[in-house]
Chemist: 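Supplied in structure tokens, the structure appears directly below.
Proteins get letters first, then strands, A, B, ... in listed order; numbering begins at 1 in each. Every value quoted in this text rests on a predicted model; they were computed, and no experiment measured them. Just so it is clear, the values below take in all heavy atoms, side chains as well, and ignore hydrogens, waters and symmetry mates.
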There are 2 protein chains.
Amino acid sequence: MPAFSRFTPLAESLPPTVPFVGPETQERARGARFIARLGANESGFGPAPSVIEAIEREAGLSWRYADPENHELRGRLAAHLGLAPERVVVGEGIDGLLGLLVRLIVEPGTPVVTSLGAYPTFNFHVTGFGGRLVPVPYRDDHEDLDGLLEAVKRENAPLVYLSNPDNPMGTWHEAAAITAFARALPETTMLVLDEAYGETAPSSAIPDIDTLAGMPNVLRFRTFSKAYGLAGQRIGYVFGVEETVSRFHRVRNHFGVNRLGQVAALAALEDQAWLGHAIAQIVASRDQIADIARGHGFKPIPSATNFVTIDCGGDGARARTILDGLVSRGVFIRMPGVETLNRCIRISTGPEAEIDIFEQALVEVAAELD
Amino acid sequence: MPAFSRFTPLAESLPPTVPFVGPETQERARGARFIARLGANESGFGPAPSVIEAIEREAGLSWRYADPENHELRGRLAAHLGLAPERVVVGEGIDGLLGLLVRLIVEPGTPVVTSLGAYPTFNFHVTGFGGRLVPVPYRDDHEDLDGLLEAVKRENAPLVYLSNPDNPMGTWHEAAAITAFARALPETTMLVLDEAYGETAPSSAIPDIDTLAGMPNVLRFRTFSKAYGLAGQRIGYVFGVEETVSRFHRVRNHFGVNRLGQVAALAALEDQAWLGHAIAQIVASRDQIADIARGHGFKPIPSATNFVTIDCGGDGARARTILDGLVSRGVFIRMPGVETLNRCIRISTGPEAEIDIFEQALVEVAAELD
């Protein structure tokens, strides 16, 4: 059977690839469930009990569309950030918001600068709108700020992606370096500052809200998917200068943000005590994973995120062997996709019982290495 | 403060309008809550108790991303429809799926045929991707199949929108007419068949799955937002020929569908007994609204949906006066936006207590009319 014949040339040119294969897909292929779920940088420490209560309390109102202005959540986020509500937009995770931003800026052929091996979903959106990715290699396992700036200027790119802290390496730049980078950019280049892992970073790594707040070409993206433990609820947000942020309203799916997701996010934002507790658990788990890595002859890379990237001390094939060994033992993890980052595996923080399972499996896999 | 300067010319040309103003926005403007929520074609009969239980059971797993393949829900929907799973895609409501389809087919200037006064969110997407709307007036309060076909051929349009049953009029065409329309279309025109209200229509109005199943240029869209009572969960789906449907995977937000939403939809699909009960309530409520309209000198238009559109017997100004009178009394309803549909108001079915509130308010408003 042929497909419909009049999809756009751009649509027809796109590969059928998926940015990430989900663990459920791997479970179906394996014919068995994972016994440790440490690959997607979710938070196995879960959402706060107060959040679960809020979801249960509101479940019966699932028949209502959510407020398309997301008024209450935007207002509370704005107050939390110390910004006017008009400077915040809520979306279906950072992923959804990145797609909208790319749509607003990218046309076929538009150059877009990012780091080689950084967030595949951003790349998926750029490719999906016909943009031309200009990848800049990492330097010393960090996104290379000088290299990114140089590429932006060389290409006259209207868009550059930077995650701080970084995924998949877990590394970070200090706030002063991020601020200097933002200020050095041409005004005609939009900085996508992805701070999905901001809550678990040292405070010295995250620029004050005020520092970048006056720049029309800076948008900061945050999420309830990581430290807040609400990945399944798809609530991300973006903030910046009102005139820039308002452009999202022209293209966003106004009724697209799940009602219970907003309820959950509101409750999560309210419960900062629990967030502090979750962050402490993540930090402790990070230390535990690093200790395990060192204890078995591997080198953990210092992390400001809810995962630890471990240098396996060889090439991509060696790391892949280790990953395959862990996966075959029921431990879901992922690894970076490009050289030389792919000498590493990446372990999400999680409950101690799952970290123990990871360690046990790592011991077995390490014993099988040459 | 100026906005960022390099949004695309298309983005800069878009109006900041919103397809629908939410009732919450009106509540904030009024400074008071609505006492009857009968304007958004939600289902005040709620989701099934089994659905609420499923949500409560899974709330604690909100830390997990949903399966990006939506494997389980797709599989169950496919079984329910009698189709292969590869022929179904799940998305963030029909709204989200319509946006993706428009993106796959529409480029700046592409003509897109729809009915004048039909679904504004579809139009929002078409305009958002630079398409040129070709609106065909309703005929006798029905979408005009002959007129739509003529416009498609005249414009060589690659995309035509048809909702059956129709929103905002509640009218419908019989399955044979829909099938004849689909078959009369050029193969180079995609039919968007929006069946959001299919569950509440007479079965004679809905083409069998098999009848249209072999046509690469037909996509049927359905949702859990209406009869299933899950508008807030944002779960829609589309089905058609596999080769056509597969194009969604090239552009969709793979992790975009809320995890609890999928849990809720699965439970809802399972509970067909409850669905039958909900549909019976909707049909009874339809009859009740029609009786009320007639009883006070208005003319209800026969409906196959979860709402009743009422001809107020005058022009748009008269209907607007009635709507304003109802809204000012705390009754949230909506009305069609274009002549001559705008001689009507539109009342969603709902619990008897809310319909009673509507009647009481209507009596007061009618007494004030000339």
Chemist: If I measure from the heavy atoms of chain A, does Val51(B) come under 4.5 Å with its side chain, its backbone, both, or neither?
Modeler: neither
Chemist: What part of Phe224(A) gets closer than 4.5 Å to chain B, counting heavy atoms only: side chain, backbone, both or neither?
Modeler: neither
Chemist: Please find the pair of heavy atoms, one from Gly60(B) and one from Pro47(A), that lie closest to each other, and give the distance.
Modeler: O-CD, 3.6 Å
Chemist: How far apart are the C-alpha atoms of Phe4(A) and Arg247(B), what are their side-chain angles, what is the distance that settles it, and do they pass the side chain to side chain contact (heavy atoms under 4.5 Å, CB included) test?
Modeler: CA-CA 10 Å; Phe4(A) 175 67; Arg247(B) 295 305 192 274; over 6 Å; no
Chemist: Check this for me: Gln26(B), atom CD, are more than 12 non-hydrogen atoms of other residues, nucleotides or ligands nearer than 6.0 Å?
Modeler: yes
Chemist: Between atom CE of Met190(B) and atom OG of Ser5(A), what is the distance when rounded to the nearest 0.5 Å?
Modeler: 9.0 Å
Chemist: For Val241(B), which atoms come within 4.5 Å of any heavy atom of chain A: side chain, backbone, both, or neither?
Modeler: side chain
Chemist: Determine, stepwise, if the pair Arg37(A) / Arg64(B) fulfils side chain to side chain contact (heavy atoms under 4.5 Å, CB included).
Modeler: CA-CA 9 Å; Arg37(A) 186 171 164 121; Arg64(B) 295 189 179 190; 3.7 Å; yes
Chemist: So for Phe124(B), is it side chain, backbone, both, or neither that comes closer than 4.5 Å to the heavy atoms of chain A?
Modeler: side chain
Chemist: Salt bridge check, Glu69(B) against Arg28(A): does any charged N sit closer than 4.0 Å to a carboxylate O?
Modeler: yes
Chemist: Pick from Leu104(A), Asn217(A), Leu61(A): which one has the most heavy-atom pairs with chain B under 4.5 Å?
Modeler: Leu104(A)
Chemist: Mind ranking Ala59(A), Ala264(A), Ser43(A) by heavy-atom pairs under 4.5 Å with chain B and telling me who comes out on top?
Modeler: Ser43(A)
Chemist: Looking at Leu230(A), is its backbone amide N or carbonyl O close enough to the side chain of Arg259(B) to form a donor-acceptor pair, meaning the two atoms are under 3.5 Å apart?
Modeler: no
Chemist: Chain A: which of Ile55(B), Asp67(B), Val245(B), Thr189(B) shares the most heavy-atom pairs with it under 4.5 Å?
Modeler: Asp67(B)
Chemist: Checking Glu12(B) against chain A: side chain, backbone, both or neither under 4.5 Å from a heavy atom?
Modeler: both
Chemist: Between His249(A) and chain B, which part of the residue has a heavy atom less than 4.5 Å away: side chain, backbone, both or neither?
Modeler: backbone
Chemist: Heavy-atom pairs under 4.5 Å with chain A - which of Pro23(B), Gly46(B), Ser246(B) has more of them than the others?
Modeler: Gly46(B)
Chemist: Would the number of heavy atoms belonging to other residues, nucleotides or ligands and lying under 6.0 Å from CD of Glu187(B) be above 12?
Modeler: no
Chemist: Does Glu155(A) CD have over 12 foreign heavy atoms under 6.0 Å away?
Modeler: yes
Chemist: Using the rule given for side chain to side chain contact (heavy atoms under 4.5 Å, CB included), can you reason through Arg6(B) versus Ile105(A), listing the C-alpha separation, both sets of side-chain angles and the distance that settles it, and then say yes or no?
Modeler: CA-CA 7 Å; Arg6(B) 280 174 81 184; Ile105(A) 294 181; 5.6 Å; no
Chemist: Donor-acceptor pair, Glu24(A) side chain versus Pro68(B) backbone, under 3.5 Å?
Modeler: no
Chemist: Can you tell which of Ile52(A), Asn258(A), Thr244(A) has the highest number of heavy-atom pairs within less than 4.5 Å of chain B?
Modeler: Asn258(A)
Chemist: Under 4.5 Å between any side-chain heavy atoms of Gln233(B) and Leu260(A), yes or no?
Modeler: yes
Chemist: Name the region of Asn253(B), side chain, backbone, both or neither, that has any atom closer than 4.5 Å to a heavy atom of chain A.
Modeler: side chain
Chemist: Examine whether an atom of Pro15(B) lies under 4.5 Å from a heavy atom of chain A, and if so say whether it belongs to the side chain, the backbone or both; otherwise answer neither.
Modeler: backbone
Chemist: Provide the closest heavy-atom pair for Gly256(B) versus Arg234(A) in the form atom of the first, atom of the second, distance.
Modeler: O-CG, 3.7 Å
Chemist: Quick one: are Pro19(B) and His254(A) in side-chain contact, heavy atoms under 4.5 Å?
Modeler: yes
Chemist: How long is the span from the CG atom in Leu10(B) to the CZ atom in Arg250(A), to the nearest 0.5 Å?
Modeler: 10.5 Å
Chemist: Could you have a look at Met215(B), Arg103(B), Glu92(B) and say which one has the most heavy-atom pairs with chain A under 4.5 angstrom?
Modeler: Arg103(B)
Chemist: For Met1(B) and Gly214(A), work out which heavy atoms get closest and say how close.
Modeler: SD-O, 3.6 Å
Chemist: Heavy-atom distances under 4.5 Å only: say whether Phe20(B) touches chain A with side chain, backbone, both or neither.
Modeler: both
Chemist: Could you check which of Asp95(A), Thr188(A), Leu14(A) has the highest count of heavy-atom pairs closer than 4.5 Å to chain B?
Modeler: Thr188(A)
Chemist: Check the pair Thr8(B) / Val106(A) against side chain to side chain contact (heavy atoms under 4.5 Å, CB included), numbers first and verdict last.
Modeler: CA-CA 7 Å; Thr8(B) 67; Val106(A) 172; over 6 Å; no
Chemist: If you count heavy-atom pairs within less than 4.5 Å of chain B, which of Gly44(A), Gly99(A), Gly261(A) leads?
Modeler: Gly44(A)
Chemist: What's the separation between atom CG in Asn41(B) and atom OH in Tyr65(A), rounded to the nearest 0.5 Å?
Modeler: 7.5 Å
